[in-house]
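In what follows, a structure is listed as structure tokens, so that the remarks can point back to it.
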Amino acid sequence: MEYNFRDIEKKWQAHWKESGAYKVSNESSKPKFYVLDMFPYPSGAGLHVGHPLGYIASDIYSRFKRLKGFNVLHPMGYDAFGLPAEQYAIEHGVHPAKSTAQNIDNFRGQLDNIGFCFDWDREVRTCEPGYYKWTQWIFLQLFNSFYNRLTQKAESLTLLVVEFENNGNAKHECPGDGSIKFTAEKWKAFSEKEKQDILMNYRLAFCGYGEVNWCEALGTVLANDEVVNGVSERGGHPVVKKKLRQWYLRITEYADRLLSGLDTIEFSEAMKEMQTNWIGKSYGAEIDFVIVSRQSLDVNAKPSTHNSPLTVYTTRPDTIFGVDFMVVAPEHELIEKITTPDQKQAVEEYITYVKSRSDRERQAEKKISGCFTGAYAVNPFNQKQIPIWISEYVLAGYGTGAIMGVPCGDERDHRFAKHFNIPISNIIGEHYNGVDANPTKDAKLENSEFLNGVVMRDAIAIVNEKLEEMGIGKKKVNYKMRDAAFSRQRYWGEPFPIVWKDGIAYPLDEKELPLLLPEVESYSPGPDGEGPLANISDWKNQYASLLLPGEGQDGVTGGVLETNTMPGYAGSSWYFLRYMDPHNNETFCDRKVSDYWNQVDLYIGGTEHAVGHLLYSRMWTKALCDLGHISFDEPFRKLLNQGMIQGSSRFVYRLKGTNKFVSHGLLDGAAYKIEDTDPIRVDVNFVDGVELDIETFKKWRNGEYAAAEFILDAGKYICGSEVEKMSKSKFNTVNPDELVNKFGADTFRMYEMFLGPVDQSKPWDTKGIEGVHRFLKKLWRLFFDEIKGKVWNEEKATPEELKVLHRCIKKIEDDTERYSFNTAVSGFMICVNELADLKCNKREVLESLLIMLTPYAPHISEELWGALGNKGSVLDAGYPKFEEKYVIESSKEYPVSINGKVRTNITLPLDITQAEVDPIVIANEVVQKWLEGKEPKKIIFVKGKMINVVI
RNA sequence: GCCCUGGUGGUGGAAUUGGUAGACACGCAGGACUUAAAAUCCUGUUCGCCGCAACGCGAGUGCGGGUUCAAUUCCCGCCUGGGGCACCA
């Protein structure tokens with residue numbers, strides 16, 4: 001009887017499906033445990049071997065917890081709205097709903113092959129009306145709420161309106177525009193439109209204006225991904241930034257709670273650091289500078305003083321006397337007013353240049369660029385005139401969009417000053433060497449008038465106080481994080497349940513949800529940068545006769561639907577809640593059910609979501625909690641980041657202008673140079689290691705290379721290789737289906753784990769999979785012999801065998817618990833190797849081994865479990881209990897080092913003391929040899945570890 | 001540019017992070033079984049030196065310094081691969 005994995009896996013997968021083995025109930029006497037994967041976007045390319053890495057890890061952990069007696073929720077679904085499906089539709093005319101459904105079917109088939117224990121009855125798809133109804137509903141909750149800074153939580157907007165009617169907004173500073181101030185009387189006097197405009201500045205989901213990548217030729221807004229080197233990926237048309245009306249989520253109001261919440265959850269320190277840096281809380285000051293500039297071409301004309309000051313944000317007000325220039329963002333609204341006539345043209349040209357550049361390009365640019373406006377800011381303390389420049393490295397979205405340049409203390413400012421020959425003032429004496437800026441806070445200030453001699457750190461408060469006295473500055477907490485853009489001018493996303501009438505956004509009534517996405521004829525954009533929905537007048541006017549709520553009126557009609565759609569992260573911000581109660585039509589998730597399942601106990605996914613999805617879903621959870629819909633305000637108790645499986649691409653090298661391919665090893669410059677060749681990627685699936693299968697290559701791509709000639713190295717063609725992202729276009733993807741078919745799901749699962757630590761990125765290499773497959777065959781032979789058949793027996797286990805078993809129990813349990821799945825697989829191998837060496841085929845030992853193996857290789861475990869005569873499923877067999885008594889040793893072989901280098905070993909009893917050790921060590925022959933008759937300076941004895949003799 | 005992260009034999013990795021560097025696999029080499037192959041089993045395998053071998057010696061965890069009885073692990077400075085940077089998901 002041999003290990004026939006194909007039949008075994010098919011049989012048990014069908015059986016588990018039929019018996020509902022993975023169905024999870026919302027009611028159980030067992031403790032709950034919620035294991036979640038980041039759900040996939042169902043792309044047309046299907047799964048490659050990188051996708052299942054996290055799913056296998058979570059599957060193992062779920063099964064492990066189940067064996068340990070938990071009621072485990074382990075669901076799966078699809079993040080199904082998004083740009084790629086829409087692009088596919090534009091190119092092929094296939095409706096996104098259709099291509100998405102096909103892709104999902106394909107994914108599902110691939111996932112099923114691997115034998116996951118998902119409860120598929122709970123599947124969610126974010127693009128289905130039954131799901132996005134509740135995405136829209138949650139949007140309305142955010143729309144109808146504001147963040148009460150006094151109570152530090154989201155509250156209903158109706159409470160705010162009552163407050164305005166009684167007290168105006170004195171207690172509630174307007175987060176959208178701090179300059180909005182009004183009394184109760186004024187509030188009551190406002191028109192409906194004025195009131196609504198003010199309320200929009202408070203809403204957690206609000207409408208405003210923001211910059212997008214605008215492609216005039218395509219008449220559409222482009223995602224960053226669709227812009228390559230400043231032009232559109234499709235067609236290569238120019239792309240500029242343009243302001244459009246956009247929806248936003250006021251995530252900045254949650255900045256502090258998103259920071260403090262990190263203390264309550266188990267994310268890696270790196271992840272917490274990334275989120276902290278993204279939020280970017282800083283303490284500084286805003287300082288107003290008077291601006292003077294000459295508004296005439298006549299060089300002798302008197303400069304005029306401007307009404308509006310230049311407001312800069314700085315974290316270092318202490319360096320105020322070191323300011324040698326100001327830099328404002330090219331988008332800054334003052335530029336137009338302050339630029340002098342002689343600088344006008346240069347400034348305009350520079351702004352045009354910047355318009356074509358993305359924020360990223362602007363920050364990454366090594367070349368320093370900028371333009372002088374001709375205007376000056378006046379230092380309030382010594383009246384020094386400071387030139388005002390514009391430069392792309394200052395972004396409009398952060399702080400006030402203007403900074404003060406202190407070259408001696410800031411590296412970027414320093415480079416800027418050097419580049420434009422701006423004289424550098426030194427305010428830190430010997431701490432500045434004239435070559436590099438020094439960002440210290442510990443130097444004593446010089447050339448700083450009333451601050452001379454004061455340590456910079458202490459000067460900050462002094463300057464702030466003075467500025468406040470003078471009424472030209474105030475302390476300010478700033479965040480790098482901006483409010484989250486929440487609308488897309490696209491088709492394939494959730495429609496907003498919002499009706500516009502006379503510039504007022506009216507929310508649809510809940511009973512109108514879901515607001516269905518209509519069928520469209522074409523996916524091309526609507527007019528003026530609107531999305532495709534703007535072209536469907538029937539759809540957008542469907543509520544034209546609906547009575548909209550109007551203050552003190554009978555209501556208004558004639559509203560037009562919002563034609564933007566929501567972004568991809570809308571549906572993924574709350575999906576973990578829907579899994580709990582996926583079929584509920586009354587609410588997004590029954591409160592009793594969410595109280596039971598509560599937080600996700602283990603969330604597994606890649607770091608690429610560090611600052612997107614993981615911040616948004618944290619915010620949504622906090623808002624839902626504040627509004628009383630759920631009882632917890634952090635969604636994920638523990639996050640495990642899986643590493644990325646990279647592709648290892650293979651290259652062949654064709655001599656330029658020929659059809660000759662040179663083996664990689666020969667490109668050392670002796671006969672051939674790599675520069676004389678065109679490197680061409682070849683499909684990794686016909687390269688064995690680095691050796692090319694020439695015959696297959698010749699047949700590849702319909703015989704494109706059929707006539708190729710090869711210059712071989714020792715009879716072989718050796719390919720070059722490079723590690724990069726796994727992608728179809730790079731011919732480096734490996735499909736799990738083929739591996740599962742060849743080796744079985746159990747082998748595949750264990751091999752993915754064996755590859756290395758789950759949280760580490762690594763290139764895929766199929767080569768080692770044989771070793772894991774051999775291991776499973778070896779395990780099988782502990783039960784069945786090809787010739788003899790059954791070999792397992794009922795004999796009693798020896799102490800030695802029990803030692804092997806219990807060492808394994810401890811190892812597997814510890815390793816699984818700490819997500820060290822690769823070492824656990826090695827632990828299984830060691831155990832099976834040892835049992836084989838001991839010729840142990842005893843049921844008593846093997847049975848426990850099978851239970852431990854179940855999370856990793858469920859099919860073979862279930863099969864052998866049955867073969868041992870067990871009635872029930874191994875899925876619910878109790879986890880074996882580790883017993884210390886079987887593994888206790890009485891002595892240990894200590895390594896003995898001389899000056900830190902191991903020279904010999906001595907076996908000593910475990911309970912020995914240092915005093916007893918010393919003479920034994922000194923008496924040792926090898927130690928004697930190294931001592932050469934001298935006394936050791938010191939003998940270090942670390943109990944249970946090692947001995948070191950210092951000579 | 002900014003933020004995060006990794007670098008250990010021919011290869012993936014181990015050492016649960018101050019305490020025997022290279023577990024477990026892959027690959028490779030040699031051998032057993034076989035008419036043969038597959039499968040399986042056994043032996044060896046960090047590098048260098050001496051040697052028939054055992055033993056022994058030296059070097060060694062990206063590079064250069066440092067702390068320590070002891071450093072893959074801690075500190076400082078470099079080099080380099082990967083991920084993210086706000087409309088891919």
Side-chain angles (χ1 to χ4, degrees), chain A residues 2 38-41 43 79 81-84 87 210 212-213 221-227 246 268-271 273-274 276-278 280 358-366 393 397 411-412 480-490 567-569 572 606-613 615 641 643-644 646 689 723-725 751 754-757 759-765 767-772 774-775 777-778 781 786 814-815 818 820 822-823 825-830 833 836 893-902 905 937-940 942 944-951:
Chain A
E2 63 174 9
M38 289 184 187
F39 62 170
Y41 176 81
S43 81
D79 187 13
F81 272 135
L83 193 56
Q87 280 172 330
V212 293
N213 301 315
V221 175
L222 296 177
N224 288 339
D225 256 29
E226 299 176 287
V227 182
Q246 300 285 335
S268 68
E269 285 311 309
M271 178 63 61
E273 223 170 306
M274 274 189 266
T276 303
N277 292 338
W278 180 265
S358 69
D359 282 5
R360 177 119 37 106
E361 284 172 324
R362 283 169 58 173
Q363 285 183 288
E365 183 59 65
K366 278 189 183 158
Y393 79 87
E411 195 45 52
R412 209 157 40 166
K480 266 202 196 100
M481 181 169 67
R482 307 197 286 269
D483 282 328
F486 194 66
S487 53
R488 304 289 183 260
Q489 292 68 47
R490 300 282 178 179
Y569 67 82
S572 62
T607 45
E608 66 271 22
H609 297 288
V611 290
H613 161 65
L615 274 177
N641 290 119
M644 175 170 286
Q646 291 141 336
V723 172
E724 44 191 6
K725 218 169 183 158
Y751 182 58
F754 190 54
L755 219 48
D759 57 357
Q760 201 171 294
S761 291
K762 57 237 158 190
W764 177 265
D765 181 5
K767 276 203 150 175
I769 198 168
E770 287 276 1
V772 175
R774 270 176 217 152
F775 154 74
K777 286 196 281 189
K778 193 165 183 177
R781 286 198 303 274
E786 229 172 289
D814 286 358
D815 284 359
R818 66 188 177 99
S820 180
N822 57 326
T823 54
V825 173
S826 129
F828 282 121
M829 288 172 170
I830 291 169
N833 288 345
E893 192 179 36
Y894 281 91
V896 179
S897 304
I898 313 287
N899 288 339
K901 269 220 159 314
V902 178
N905 290 299
K937 278 190 193 142
K938 209 191 218 174
I939 295 177
I940 290 153
V942 184
K945 296 275 188 192
M946 47 72 69
I947 295 160
N948 190 20
V949 183
V950 187
I951 295 174

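Hydrogens, waters and symmetry mates play no part in the numbers below; they use all other heavy atoms, side chains included. In what follows, chains are A, B, ... by sequence order, proteins preceding strands, each numbered from 1.
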For [X] and [Y], indicate whether the former's side chain and the latter's backbone hold a donor-acceptor pair under 3.5 Å.
X         : Y         : value
Glu361(A) : Ser358(A) : yes
Glu365(A) : Arg362(A) : no
Lys762(A) : Pro757(A) : yes

Given the [atom1] atoms of [N] and [M], what is the spacing between them in whole Å?
N       : M       : atom1 : value
rA89(B) : rC78(B) : P     : 38 Å
rU80(B) : rU43(B) : P     : 45 Å
rA23(B) : rG12(B) : C1'   : 13 Å
rC4(B)  : rG56(B) : C1'   : 47 Å
rU72(B) : rG7(B)  : P     : 14 Å
rU45(B) : rG10(B) : C1'   : 10 Å
rU20(B) : rU46(B) : C1'   : 16 Å
rA59(B) : rA70(B) : P     : 14 Å

Could you tell me how far apart [X] ([atom1]) and [N] ([atom2]) are, to the nearest whole angstrom?
X         : N       : atom1 : atom2 : result
Arg488(A) : rC88(B) : CZ    : P     : 7 Å
Asp359(A) : rG84(B) : CG    : P     : 18 Å
His609(A) : rA89(B) : NE2   : C1'   : 6 Å
Asn213(A) : rC85(B) : CG    : C1'   : 14 Å
Lys901(A) : rG56(B) : NZ    : P     : 14 Å
Leu755(A) : rG12(B) : CG    : P     : 10 Å
Tyr393(A) : rC85(B) : OH    : P     : 25 Å
Glu273(A) : rG83(B) : CD    : C1'   : 15 Å

Do the side-chain N or O atoms of [X] get closer than 4.0 angstrom to the phosphate oxygens (OP1, OP2) of [N]?
X         : N       : value
Arg360(A) : rA86(B) : yes
Gln363(A) : rC85(B) : no
Arg774(A) : rG27(B) : yes
Lys777(A) : rU40(B) : yes
Arg818(A) : rU16(B) : no
Asn948(A) : rG19(B) : no
Arg781(A) : rC41(B) : yes
Asn641(A) : rC4(B)  : no

> Below 6.0 angstrom between ring centroids: does that apply to Phe81(A) and Tyr41(A)?
Replying inline: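 No, they do not, as the ring centres are separated by 6.0 Å or more.
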> Between Ile769(A) and Tyr41(A), which is nearer to the 5' end of RNA chain B once each is assigned its nearest nucleotide?
Replying inline: Ile769(A)
> Relative to the 5' end of RNA chain B, which residue comes earlier, Met829(A) or Pro84(A), by the nucleotide with the nearest heavy atom?
Replying inline: Met829(A)
>> Checking understanding here: a glycosidic angle within 90° of 0 is syn, the rest anti, so what is rG9(B)?
In response: syn
Write down the partner of [N] under the Watson-Crick or G-U wobble criteria, each distance required to be under 3.5 Å.
N       : value
rG1(B)  : rC85(B)
rC52(B) : none
rG58(B) : rC47(B)
rC41(B) : rG31(B)

Just checking, any donor-acceptor pair under 3.5 angstrom between side chains of [X] and [Y]?
X         : Y         : result
Thr823(A) : Ser820(A) : yes
Lys778(A) : Asn833(A) : yes
Asn641(A) : Thr607(A) : no

Describe the nucleic acid contact of [X] in one word from base, sugar-phosphate, nothing, applying a heavy-atom distance below 4.0 Å.
X         : value
Ile830(A) : sugar-phosphate
Asn833(A) : sugar-phosphate
Glu786(A) : nothing
Ala610(A) : nothing
Val942(A) : base
Glu770(A) : nothing
Ser487(A) : base

Can you identify which nucleotide, out of [options], has its nearest atom closest to the [X] side chain?
X         : options                   : value
Met946(A) : rC4(B), rA14(B), rG19(B)  : rG19(B)
Val221(A) : rA14(B), rG83(B), rC87(B) : rC87(B)
Asp765(A) : rC69(B), rU11(B), rA86(B) : rU11(B)

>> I need the Asp79(A) CG to Tyr569(A) OH distance, nearest 0.5 Å.
In response: 13.0 Å
> Closest approach of Met271(A) and Ala610(A), non-hydrogen atoms and distance?
Replying inline: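 Closest approach of Met271(A) to Ala610(A), heavy atoms only: SD-CB, 3.5 Å.
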